[in-house]
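Counting from 1, the numbers follow the sequence of the chain as shown.
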Amino acid sequence: MNEIIQRLTKHGISPTHQRVEIAQVLFAKPQHVSAEQVLNIVNNGHAVTSKATVYNTLGLFARKGLIREVIIDPTKVFYDSNITPHYHFYNEDTGMLGDIAVSDLDISNLPEPPTGTSTERVDVIVRVKNQTDLQ
């Protein structure tokens, strides 16, 4: 738990009890989770953390660079505990998100960004569907 508290403090985040619990869920392993999944895990078997607290904390963690928001569509957002550069596969049949290594995808000839801006990163989501046996 001390490692989590140090990580939050290093990023300028006050380590409240609820933030620490949410961080423990996110950083238990590399994963892609929705806010609802985090809420369910945090509230499983003990004191209740509100939905608003989970959403606000996830937003704070993303703004501070602790996690990455992966927006599939306006109603489906995942929070990625892996903040190293990478891309994603999204399976439209299962709703699962998987990583693609930067070395597996060649992106070149990016356009010049508008005047007064710079490119922060490139997000790529490759949408896939399960193959069905047509026999």
Review point. Got a second to check how far Leu39's CG is from Ile22's CD1, nearest 0.5 Å?
Key: 8.5 Å
Practice item. Please report the C-alpha distance between Val25 and Val33 in whole Å, then the side-chain angles of each, then the deciding distance to 0.1 Å, and finally whether the side-chain contact (heavy atoms from CB on, under 4.5 Å) criterion is met. Key: CA-CA 9 Å; Val25 169; Val33 290; 5.5 Å; no
Review point. Residues in side chain to side chain donor-acceptor pair (under 3.5 Å) with Asp73, at least two apart?
Key: Thr75
Study note, to complete from the structure: dist Asn43:CG -> Ile41:CD1 (nearest 0.5 Å) comes out at 10.5 Å
Review point. Once you round to the nearest 0.5 Å, how far does CD of Glu92 lie from NZ of Lys129?
Key: 5.0 Å
Check your understanding: Who are the salt bridge (charged side-chain N to carboxylate O under 4.0 Å, His left out) partners of Glu69, not counting sequence neighbours?
Key -> none
Check your understanding: Are Val102 and Val126 connected in a single hydrophobic cluster, I mean Ile/Leu/Val/Met/Phe/Trp/Tyr linked by side-chain heavy atoms less than 4.5 Å apart?
Key -> yes
List the atom pairs, donor and acceptor, that lie under 3.5 Å between side-chain atoms in residues 78-90 and the rest of the protein, sequence neighbours left out.
{"from": "Asp80", "atom 1": "OD1", "to": "Asn82", "atom 2": "N", "distance (Å)": "2.9"}
{"from": "Asp80", "atom 1": "OD2", "to": "His32", "atom 2": "NE2", "distance (Å)": "3.3"}
{"from": "Asp80", "atom 1": "OD2", "to": "His86", "atom 2": "NE2", "distance (Å)": "2.7"}
{"from": "Asp80", "atom 1": "OD2", "to": "His88", "atom 2": "NE2", "distance (Å)": "2.9"}
{"from": "Ser81", "atom 1": "OG", "to": "Lys29", "atom 2": "O", "distance (Å)": "3.2"}
{"from": "Ser81", "atom 1": "OG", "to": "Gln31", "atom 2": "N", "distance (Å)": "3.0"}
{"from": "Asn82", "atom 1": "OD1", "to": "Thr84", "atom 2": "N", "distance (Å)": "3.0"}
{"from": "Asn82", "atom 1": "OD1", "to": "Thr84", "atom 2": "OG1", "distance (Å)": "2.5"}
{"from": "His86", "atom 1": "ND1", "to": "Arg68", "atom 2": "NH1", "distance (Å)": "3.3"}
{"from": "His86", "atom 1": "ND1", "to": "Thr84", "atom 2": "O", "distance (Å)": "2.6"}
{"from": "His86", "atom 1": "NE2", "to": "His88", "atom 2": "NE2", "distance (Å)": "3.1"}
{"from": "His86", "atom 1": "NE2", "to": "Asp99", "atom 2": "OD1", "distance (Å)": "3.2"}
{"from": "His88", "atom 1": "NE2", "to": "His32", "atom 2": "NE2", "distance (Å)": "3.3"}

Practice item. Report the residues that fulfil salt bridge (charged side-chain N to carboxylate O under 4.0 Å, His left out) with Lys51, sequence neighbours left out, ordered by chain and then residue number. Key: Glu36
What pairs of donor and acceptor atoms, side-chain ones from residues 54-62 against any protein atom, are under 3.5 angstrom apart with sequence neighbours left out?
{"from": "Asn56", "atom 1": "ND2", "to": "Ala52", "atom 2": "O", "distance (Å)": "3.2"}
{"from": "Thr57", "atom 1": "OG1", "to": "Thr53", "atom 2": "O", "distance (Å)": "2.7"}

Check your understanding: Applying the 4.5 Å side-chain criterion to the ILVMFWY set and letting contacts propagate, would Ile107 and Val70 be lumped into a single cluster?
Key -> no
Check your understanding: Which heavy atom in Pro113 sits nearest to a heavy atom in Ser118, and how many Å separate them?
Key -> CG-CA, 4.0 Å
Check your understanding: Hey, any chance Val128 and Ile100 share a hydrophobic cluster, counting ILVMFWY side chains that come within less than 4.5 Å of each other, even indirectly?
Key -> yes
**Study point:** Main-chain N/O of Arg121 paired with Thr119 side-chain donor or acceptor, under 3.5 Å
**Key:** no
Point to revise | N/O donor-acceptor pair under 3.5 Å between Asn130 side chain and Asp93 backbone | key: no
Counting only pairs under 3.5 Å, give me each side-chain donor-acceptor contact of residues 4-16, with atom names and distances, residues two or more places apart or in other chains.
{"from": "Thr9", "atom 1": "OG1", "to": "Ile5", "atom 2": "O", "distance (Å)": "2.8"}
{"from": "His11", "atom 1": "ND1", "to": "Arg7", "atom 2": "O", "distance (Å)": "3.0"}
{"from": "Thr16", "atom 1": "OG1", "to": "Arg19", "atom 2": "N", "distance (Å)": "3.2"}

Practice item. May I ask whether Leu97 and Val122 are part of the same hydrophobic cluster, defined by side-chain heavy atoms of I, L, V, M, F, W, Y residues being less than 4.5 angstrom apart, directly or through others? Key: no
